[in-house]
Amino acid sequence: LPSAPADAALKILVIDKDPIRRAILDAGLREAGFSNIILQGETAGLLNQIYRIDPDVVLIDLENPSRDVLEQMFQVSRVVRRPIAMFVDQSDRETTQAAVEAGVSAYIVDGLKKERVKGILELCISRFNAVARLQDELDRAKTALEERKTIDRAKGILMQAKDLTEEQAYALLRKTAMNEKRKIAEVAQAVITASELLK
Amino acid sequence: MTGRRTGGTTGAVRLTVGYIPLADAAALIVAADRGFAAGEGLALELVREVSWSNVRDKLNIGLFDAAHLLAPLAIASSLGVGHVRVPLAVPFNLALNGNAITVSPTLWNALADTADGDLASPAVSARALARVTAQRRARGQPPLTFGMTFPFSHHNYQLRFWMAAGGVVPDDDVQLVVLPPPYMAESLGNGHVDGFCVGAPWNSTAVDLGIGRILHFGAEIMARAAEKGLAVRRDWAAEHPDTVTRLVRALESAARFVADPANHEEVAALVAAPARLAVEPGLIRRTLDGRLRLASDGGTRASDRYLVIGRLGASRPEPVQAAWAYAQMVRWGQVDLSPELLAAATDVFRPDLYEAAVGTAERLPAGEPADNVGAFAGPAFDPADIAGHLAGSTQR
């Protein structure tokens, strides 16, 4: 082997179906000084892609069933030019656990010192966790929006059916929810369902 | 996350158990969803996974207390082959068999054209495959490609055993690629592979789509293959003997329930449910009944050995089965042959834990193959002489 390449030259293959997370990882890795990054969303013919790209490091999300395809590379060494070994081992139990919990897995070419790529994995873990938090916030915002739409529709139905003002309709929904120990959105949904049935 | 007791009045021990959505997880699903686990004071949270690598890693680092695992993978993990070494224990065998080899209609026709007998015989089909691969080589065509689910799996070993018996050298004459089960049918349809070996219900999926023909049930290659085990970490098993006992008892009751044909309708509904396999229940029913359509325009084949859960002594983990899997790993160059590794492999299967929970079990029911494997070719299996056994198997 020639002398070890500078870390910036490490060829990093990111396999992730989620385009947002892919972009965030890419940005994070570039910020950290890595410039040789290949992003892949498609996993059709994954092994052939990897032979062609010949990466030093492969990062793959754990939601990807094709992770099992990578495992074959450790077995059939004569098919691959450069056997790839799991980055994490017993000595990195904490990093391993953090990676699996965050939902990412890393593989490196055999012979590459793991200290050199530890930083890459740590960066991935933090970005994966950040994306998960973001996703969570987005989901909550979406739910809140859906609930507001439901409540607005139920208010409209009540205003028309009972000749109420908007404030009175909302007060009725809120009072019913409190009495029944349910969420206002649930009562609103019940109003919508009932009105559909009575049409 | 181990042996937690839930708050409240139930006092059940909560266990997180990983699984892959396959029909051979039936005993586990039935234990969780039909009260058998609750009856033993266990609350099982089943977590569906997308890859065997994930199941292995999450079991290894303790995110899972137990897992539905490829039996050969439990051995590989315990030996530290291909990955981090984490000793596992299998106190319960979830299923024998359940795989099938499916090929494209094109390959099926090519095999039929060169067959020297009935293709239903694996000896005949393997010889036909040898002729087809030789023809392709002579014509300068690329080698046939076969899909399987994991390097350490009976899918891999059954394909290789079958091919080698006909004179095919798997590592030279064909290409074997790992494919996630949900991608098998699609890969056969678009010509990425010419055939595959996978568990239920994915062979039937390819048949129903009209893009594959089932050539053999795995049980035709070997009569008794320990396919999936309930795996736990060995140190965890030592620290939680009572929990292991309860888990084995719950699985034993569930497996017996699965075994009764009178329950197949109900079991199919539980296994096929949206939160579990999320498939059409009829697909699971056919699997449990062992009655599979072979081709969209062809007949059916029935075998009560297709998938064996909770009967024929299937639930007791048999060390000789672990030795057989280890012998396959040796045969195909995944691991060295040594008395120490053999002992470590057989130690993974734990009939002692099984019998501590459910009592002494019949070792091998009458009429079953004496070597507990029943391969269609080669000498009877002798775990005391793996080198001799492998030398006697067709191998080039």
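Numbers restart at 1 for each chain; the letters A, B, ... are given by sequence-line order, proteins then strands. Predicted model, so just to flag it, every value in this text is computed and none were measured.
Residues Leu63(B) and Val100(A) have side chains in contact (heavy-atom distance under 4.5 Å, counting atoms from C-beta outward). Counting only heavy atoms from C-beta outward, the side chains of Gln97(A) and Asp57(B) never approach each other to under 4.5 Å.
Within a 6.0 Å sphere centred on CG of Asp163(A), heavy atoms belonging to other residues, nucleotides or ligands number 12 at most. Crowding of Arg48(B) atom CZ: a count of heavy atoms from other residues, nucleotides or ligands under 6.0 Å exceeding 12. Counting non-hydrogen atoms of other residues, nucleotides and ligands closer than 6.0 Å to CG of Asp152(A) gives a total above 12. Summarising the local packing, CD of Gln168(A) is surrounded by more than 12 heavy atoms from other residues, nucleotides or ligands at distances under 6.0 Å. Enclosure of atom CD1 in Ile20(A) is not indicated, since only 12 or fewer non-hydrogen atoms of other residues, nucleotides or ligands lie within 6.0 angstrom. Counting non-hydrogen atoms of neighbouring residues, nucleotides and ligands closer than 6.0 angstrom, the CZ atom of Arg136(B) exceeds 12 such neighbours. With a 6.0 Å radius and a threshold of 12 heavy atoms from other residues, nucleotides or ligands, Arg174(A) has its CZ atom at or below the threshold.
Across all their heavy atoms, Leu62(A) and Asn54(B) have their closest contact at O-ND2, 2.5 Å. For the pair Pro180(B) and Pro65(A), the tightest heavy-atom approach, listed with the atom from each and the gap, is CG-O, 3.3 Å.
With a threshold of 4.5 angstrom between heavy atoms, Met329(B) does not approach chain A through any atom at all. Proximity to chain A is limited to the backbone of Thr149(B), based on heavy atoms less than 4.5 angstrom apart.
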Yes or no on salt bridge (charged side-chain N to carboxylate O under 4.0 Å, His left out) for Arg56(B) and Glu71(A), after CA distance, side-chain angles and deciding distance?
-> CA-CA 12 Å; Arg56(B) 176 201 57 202; Glu71(A) 299 272 326; 2.9 Å; yes
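A donor-acceptor pair under 3.5 Å links the side-chain atoms of Gln72(A) to the main chain of Leu176(B), judged by distance alone. Judged by distance alone, the side chain of Asp68(A) and the main-chain N or O of Val178(B) form no donor-acceptor pair under 3.5 Å.
Each of Val177(B), Leu179(B), Asn156(B), Asn190(B) has some count of heavy-atom pairs under 4.5 Å with chain A, and the biggest count is that of Val177(B).
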